[in-house]
Protein chains: 2
Amino acid sequence: MSLPHAILTALLEKPSSGLELARRFDKSIGYFWSATHQQIYRELGKLEQDGLIRALPAGAPARGQKKEYEVLPAGRDALTAWVSGSDAPRPVRDPLLLRLRAAAVVGTGGLEEELRRHLDLHRSQLAEYRAIEERDFPPERDGEEDRLRHAVLRGGIGLETFWTEWLAETLTALGERNEEKERKRRQ
Amino acid sequence: MSLPHAILTALLEKPSSGLELARRFDKSIGYFWSATHQQIYRELGKLEQDGLIRALPAGAPARGQKKEYEVLPAGRDALTAWVSGSDAPRPVRDPLLLRLRAAAVVGTGGLEEELRRHLDLHRSQLAEYRAIEERDFPPERDGEEDRLRHAVLRGGIGLETFWTEWLAETLTALGERNEEKERKRRQ
DNA sequence: GGCTGTTATGCAACTTGTTGCAAAAGGGGG
DNA sequence: CCCCCTTTTGCAACAAGTTGCATAACAGCC
């Protein structure tokens with residue numbers, strides 16, 4: 001239910017072709033709702049059929065020919081309705097937590113290296129978000145739109161902060177355990 | 001790729017029937033990898049076909065008849081391999097963040113109420129996790145398995161903590177804005 | 001014996017997301 | 001002019017997750 005609304009949002013910000021949307025997803029909306037170009041093309045087709053968007057008139061529409069879309073009033077209305085609707089929070093779904101749980105049963109075979117790898121990735125994502133924050137949200141910008149966009153970015157920052165802290169803690173906890181084992185073995 | 005491994009883990013912890021698994025998912029593994037009974041039955045079938053688990057012998061297997069499964073050595077091996085494998089961190093996928101972003105374009109129509117509702121839900125989930133922590137992880141328990149399971153739980157606690165803090169902050173930020181508007185209107 | 005409720009397994013159809021590849025247009029470079 | 005590369009759109013097949021419903025055993029009850 002979310003992808004069509006993600007696309008409507010992106011198209012309202014700026015009318016675009018499928019490929020442009022795919023590229024923009026990769027570096028902004030995709031930070032919290034990713035999509036492949038395939039999904040995007042399919043969804044654009046549906047949205048057009050449902051009369052929520054339309055292709056901008058541009059000669060003969062053909063394969064390999066760029067096709068720009070813009071949002072129709074019905075599309076804007078649908079998005080507005082979705083924003084003020086109500087939904088359950090997404091349940092957590094994380095394979096890494098699952099792997100830790102499995103490790104409690106079959107043993108941690110090299111899992112620590114994986115934790116360190118993830119820690120690095122989350123740290124660099126966090127750094128990227130902080131750079132965006134400094135660039136796009138200086139203290140003087142303070143319209144309602146800015147606050148909302150900033151809140152979203154703070155969400156990303158908060159999540160990455162959580163992961164870096166949790167991974168660091170967990171590595172410490174497992175590391176200590178290993179040191180204990182070493183000590184016992186040497187006795 | 002994760003569901004079969006979630007099931008293997010649960011079955012190693014205790015051999016069970018499909019429905020028992022579904023119930024256990026609802027109150028432990030499901031906290032970070034949920035699954036419906038449908039998914040579970042389908043996956044049990046596949047795992048049995050692949051020779052990773054087997055049904056415990058119990059009379060005539062028929063519809064409506066309980067069928068217990070246990071993990072075979074090949075299943076344990078597969079799980080071990082998965083634990084020590086490598087995977088990219090899950091990209092964030094959250095409709096609420098998306099709705100905020102959309103709200104920056106079409107306006108926040110009653111979205112604050114939704115934020116408050118989510119805040120309540122996350123608070124009570126957090127309380128539930130903390131209760132589990134006190135019950136299951138007193139300071140003296142400190143085997144490797146306990147540390148791993150505790151780390152997973154701390155993950156859940158950290159995530160819920162993040163959400164409650166972020167939601168509270170965001171509500172404050174939006175509230176202030178509304179107060180400003182009120183003030184201007186009254187001038 | 002037949003009704004009802006619970007436990008348990010499962011099929012079918014659908015939606016959403018992923019992967020691999022094909023096809024059309026257009027722009028150089030030799 | 002032809003070949004190759006890039007851009008752009010798209011099909012097809014699959015994997016994963018959801019929803020609604022059917023089926024069977026069993027137990028209690030009147």
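Because only heavy atoms are used, hydrogens play no part in the values below, and waters and symmetry mates are left out as well, while side chains stay in. Just so you know, these numbers come straight off a predicted model, no measurement behind them.
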- From the options D/dG10, C/dT9, D/dT7, select the nucleotide whose nearest atom is closest to the side chain of A/R23. D/dT7

- Please say which of B/R24, B/K67, B/E70 ends up in a side chain to side chain donor-acceptor pair (under 3.5 Å) with B/S16. B/R24

- Message: If the cut-off is 4.0 Å, is A/K46 near the phosphate of C/dT15, judged by side-chain N/O to OP1 or OP2?
- Response: no

- Item | Interface with DNA chain D, restricted to residues 26-40 of chain A and to heavy atoms under 4.0 Å | A/H37, A/Q38

- Could you state the CE-C1' distance from A/M1 to D/dG17, rounded to the nearest angstrom? 16 Å

- Note on the structure: Between CD of A/E43 and P of C/dT18 the distance, given in whole Å, is 13 Å

- What residues form a side-chain contact (heavy atoms from CB on, under 4.5 Å) with B/V105, not counting sequence neighbours? A/T9, A/L12, A/E13

- Item | Residues forming a salt bridge (charged side-chain N to carboxylate O under 4.0 Å, His left out) with A/E145, sequence neighbours excluded | A/R149

- Query: Within this structure, what is the CG-to-C1' distance between A/L21 and D/dG10, rounded to whole angstrom?
  - Reply: 15 Å

- Query: Going by heavy atoms closer than 4.0 Å, what residues in residues 81-89 of chain A are next to DNA chain C?
  - Reply: none

- Apply side-chain contact (heavy atoms from CB on, under 4.5 Å) to A/Q38 and list each qualifying residue two or more places apart in sequence or on a separate chain. A/T36

- Task: For A/Y129, check ring pair (Phe, Tyr, Trp, His ring centres under 6.0 Å) against everything at least two apart and list the hits.
- Result: A/Y31

- Whole-Å distance separating the CZ atom of B/F25 from the P atom of D/dT18: 12 Å

- Item | base_contact_polar (C/dT18 base, A/R42 side chain, donor-acceptor, <3.5 Å) | yes

- Report the distance from atom OH of A/Y41 to atom P of D/dC11, rounded to the nearest whole Å. 11 Å

- For atom CG of A/L47 and atom P of D/dT9, their distance in whole Å: 15 Å

- Sorted by number, residues from residues 7-20 of chain B placing a heavy atom under 4.0 Å from DNA chain C are B/S17, B/G18, B/L19

- Interatomic distance where CG belongs to A/D50 and P belongs to C/dT15 [whole Å]: 12 Å

- Task: With sequence neighbours left out, write down each residue that passes side-chain contact (heavy atoms from CB on, under 4.5 Å) with B/F162, or none if nothing qualifies.
- Result: A/L159, B/W166

Under 3.5 Å, side-chain donor or acceptor atoms of residues 72-83 of chain A against the rest of the protein: list the pairs with distances, not counting sequence neighbours.
from  : atom 1 : to    : atom 2 : distance (Å)
A/T80 : OG1    : A/R76 : O      : 2.8

- B/Y69 has an atom OH; how far is it from atom P of C/dA8, in whole Å? 14 Å

- Does B/R147 pair with B/E144 as a salt bridge, N-O distance under 4.0 Å? no

Going by atom type alone, with no hydrogens or angles, which donor-acceptor pairs under 3.5 Å involve a side-chain atom of residues 130-138 of chain B and a protein atom two or more places apart or on another chain?
from   : atom 1 : to     : atom 2 : distance (Å)
B/E133 : OE2    : B/H150 : NE2    : 2.8

- Sorted by chain and number, sequence neighbours left out, side-chain contact (heavy atoms from CB on, under 4.5 Å) with A/R90 holds for A/W33, B/R93, B/D94, B/P95

- Joint cluster assignment, A/V152 & B/V92, ILVMFWY side-chain distance < 4.5 Å: yes

- How would you list, by chain and number, every residue that makes a ring pair (Phe, Tyr, Trp, His ring centres under 6.0 Å) with B/H122, sequence neighbours excluded? B/W163

- Item | C/dG26 phosphate, OP1 or OP2, under 4.0 Å from A/K66 side-chain N/O | no

